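See structure below.
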Amino acid sequence: MIKRYKCKIILASGVIILLLIAFAIGIAISIWNYGKVDEKAPADVAIVLGAAISDGEVSPVYRERINHAITLYKEGTVDSIILTGGFGEGSYKSDSQVAKEYALSQDVPEERILIEEKSTITEENLEFSKEVMEENDLETAIIVSDPLHMKRAMLMAEDYNITALSSPTPTSMYKTLKTKIPFLLREEFFYVGYCIVRVFR
């Protein structure tokens with residue numbers, strides 16, 4: 001009797017583990033596939049999700065996100081760009097201000113560049129970008145980030161009532177499996193975590 005009971009527990013545990021593995025794989029595939037979708041269409045503004053700065057310059061990851069937004073602006077898909085990112089520890093310039101300087105160097109007119117300087121995480125990027133949109137009467141946005149970041153970002157944009165489309169940068173610095181897999185695992189962790197947290201809001 002006890003042996004049979006133990007066998008049932010082991011079997012049930014095995015089933016639960018298999019279900020969790022299947023769930024994790026399913027979420028990973030969903031995030032991966034979502035990053036391949038480009039919904040690019042005319043919108044008021046491109047929101048560039050932040051990716052920090054280094055030695056007073058935009059990081060390579062952030063640079064490529066900004067470059068994609070600049071392309072969207074120059075081809076006439078968006079009228080303006082919102083650059084996001086607050087102040088890093090010990091920094092006298094916000095990430096978004098450094099990003100603005102980079103965009104100016106790429107011949108984007110200053111009046112077409114908006115910044116928010118309060119955010120430190122993706123959710124805040126979108127929360128404070130929504131405020132910038134409302135202050136400037138902007139109604140529609142294209143969210144710009146790396147492909148594997150898009151699914152979580154778009155869910156957050158929806159939660160902040162941003163009418164948005166997804167357009168991942170085609171020149172992401174995450175090019176090889178060696179760089180993509182850690183990013184994917186990180187995104188899966190934060191995506192699942194966010195999905196759980198939002199249930200209780």
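Hydrogens, waters and symmetry mates play no part in the numbers below; they use all other heavy atoms, side chains included. Quick caveat, the model's predicted, so the values are computed rather than measured.
No side-chain donor-acceptor contact under 3.5 Å links Glu187 to the backbone of Phe183. When atom types are taken as modelled, the side chain of Ser172 and the backbone of Thr169 share no donor-acceptor pair closer than 3.5 angstrom. A donor-acceptor distance shorter than 3.5 angstrom exists from the side chain of Lys130 to the backbone of Asn161, with no hydrogens or angles considered. Not one N or O on the side chain of Ser119 forms a donor-acceptor pair closer than 3.5 Å with the backbone of Ile121. Proximity of a side-chain donor or acceptor of Ser30 to a complementary backbone N or O of Gly26 within less than 3.5 Å is not detected. Using modelled atom types, one side-chain atom of Thr84 and one backbone atom of Gly50 make a donor-acceptor pair closer than 3.5 Å. Counting only distance, with no hydrogens or angles, the side chain of Glu116 and the backbone of Gly85 share a donor-acceptor pair below 3.5 Å. The closest donor-acceptor contact from the side chain of Ser166 to the backbone of Asp38 lies at 3.5 Å or more, if one exists at all. In this structure, the side chain of Thr77 does not engage the main chain of Tyr73 through any donor-acceptor pair within 3.5 Å. Side-chain N or O atoms of Asp44 include one that pairs as donor or acceptor with a backbone N or O of Thr140 at under 3.5 Å.
When the side chains of ILVMFWY residues are joined at heavy-atom separations under 4.5 Å, either directly or via intervening members, Leu185 and Leu177 end up in a single hydrophobic cluster. The same ILVMFWY cluster, assembled from side-chain heavy atoms under 4.5 Å apart, contains both Ile31 and Leu155. Residues Tyr174 and Val48 do not share a hydrophobic cluster, defined by chaining ILVMFWY side chains whose heavy atoms lie under 4.5 Å apart. When hydrophobic clusters are built by joining Ile, Leu, Val, Met, Phe, Trp and Tyr residues whose side-chain heavy atoms come closer than 4.5 Å, directly or via intermediates, Ile82 is not grouped with Ile66. A chain of hydrophobic side-chain contacts below 4.5 Å, direct or via other Ile, Leu, Val, Met, Phe, Trp or Tyr residues, connects Met156 to Val45.
A salt bridge links Arg198 and Asp159; the closest N-O separation between the charged side-chain nitrogens and carboxylate oxygens is under 4.0 Å. Under the 4.0 Å criterion applied to side-chain N and carboxylate O atoms, Glu188 and Arg152 are not assigned as salt-bridge partners. A salt bridge links Arg201 with Glu123: the closest approach of a Lys/Arg side-chain nitrogen to an acidic carboxylate oxygen falls below 4.0 angstrom. Ion pair Lys93/Glu101 flagged as a salt bridge, since at least one NZ, NE, NH1 or NH2 atom sits closer than 4.0 Å to an Asp/Glu carboxylate oxygen.
The minimum heavy-atom distance between Met154 and Ala164, with the atom names listed, is CE-O, 3.6 Å. The two residues Phe200 and Ile196 make their nearest non-hydrogen contact at CD1-O, 3.2 Å. Contact between Ala103 and Ile113 at its shortest, heavy atoms only, is CB-CD1, 3.7 Å. Looking at every heavy atom in both residues, Met173 comes nearest to Arg63 through SD-NH2, 4.0 Å. Scanning all heavy atoms of the two residues, the minimum distance from Ala69 to Val78 falls at O-CG2, 4.5 Å. Between Ala153 and Leu126, the closest heavy-atom pair is O-CD1, 3.3 Å.
Shown here is Glu134, whose CD atom has more than 12 heavy atoms of other residues, nucleotides or ligands within 6.0 Å. Sparse packing is recorded around NZ of Lys40, with 12 or fewer heavy atoms of other residues, nucleotides or ligands lying under 6.0 Å away.
Residues meeting the salt bridge (Lys or Arg N to Asp or Glu O under 4.0 Å) test with Asp146, sequence neighbours left out: Arg65. Partners of Tyr34 by ring-ring contact (aromatic ring centres under 6.0 Å, His included), not counting sequence neighbours: none found.
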Q) side chain to side chain contact (heavy atoms under 4.5 Å, CB included) between Ile115 and Gln97: does it pass, once the steps are laid out? A) CA-CA 7 Å; Ile115 64 174; Gln97 179 60 44; 3.6 Å; yes

**Q.** Check against side chain to side chain contact (heavy atoms under 4.5 Å, CB included), Lys180 and Trp32
**A.** CA-CA 10 Å; Lys180 286 181 178 180; Trp32 186 281; 3.7 Å; yes

**Q.** Derivation and outcome, side chain to side chain contact (heavy atoms under 4.5 Å, CB included), residues Arg186 and Leu184
**A.** CA-CA 5 Å; Arg186 176 183 178 279; Leu184 175 61; over 6 Å; no

Q: Step by step, work out the side chain to side chain contact (heavy atoms under 4.5 Å, CB included) result for Asp107 and Lys74.
A: CA-CA 9 Å; Asp107 301 320; Lys74 289 186 175 181; 4.3 Å; yes

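In this structure, a donor-acceptor pair under 3.5 Å is absent between the side chains of Asn67 and Tyr62. Defined by atom type and a distance below 3.5 Å, a donor-acceptor pair is present between the side-chain atoms of Glu64 and Thr171.
Counting heavy atoms from C-beta outward, Ile47 and Asn125 have side chains that stay 4.5 Å or more apart. Within the 4.5 Å cutoff, no side-chain heavy atoms of Asp55 are placed close to those of Glu57. In this structure, the side chains of Leu104 and Glu110 come closer than 4.5 Å at one or more pairs of heavy atoms. Residues Ile27 and Phe23 meet the side-chain proximity criterion, which asks for heavy atoms closer than 4.5 Å.
Residue Leu83 holds its CG atom at 7.0 Å from OG of Ser96, rounded to the nearest 0.5 Å. Rounding to the nearest 0.5 Å places CG of Leu114 at 9.5 Å from OG of Ser129. Note that NE2 of His149 is 10.5 Å distant from CD1 of Ile143, once rounded to the nearest 0.5 Å. How far CD1 of Ile21 is from CD1 of Ile16: 12.0 Å, rounded to the nearest 0.5 Å.
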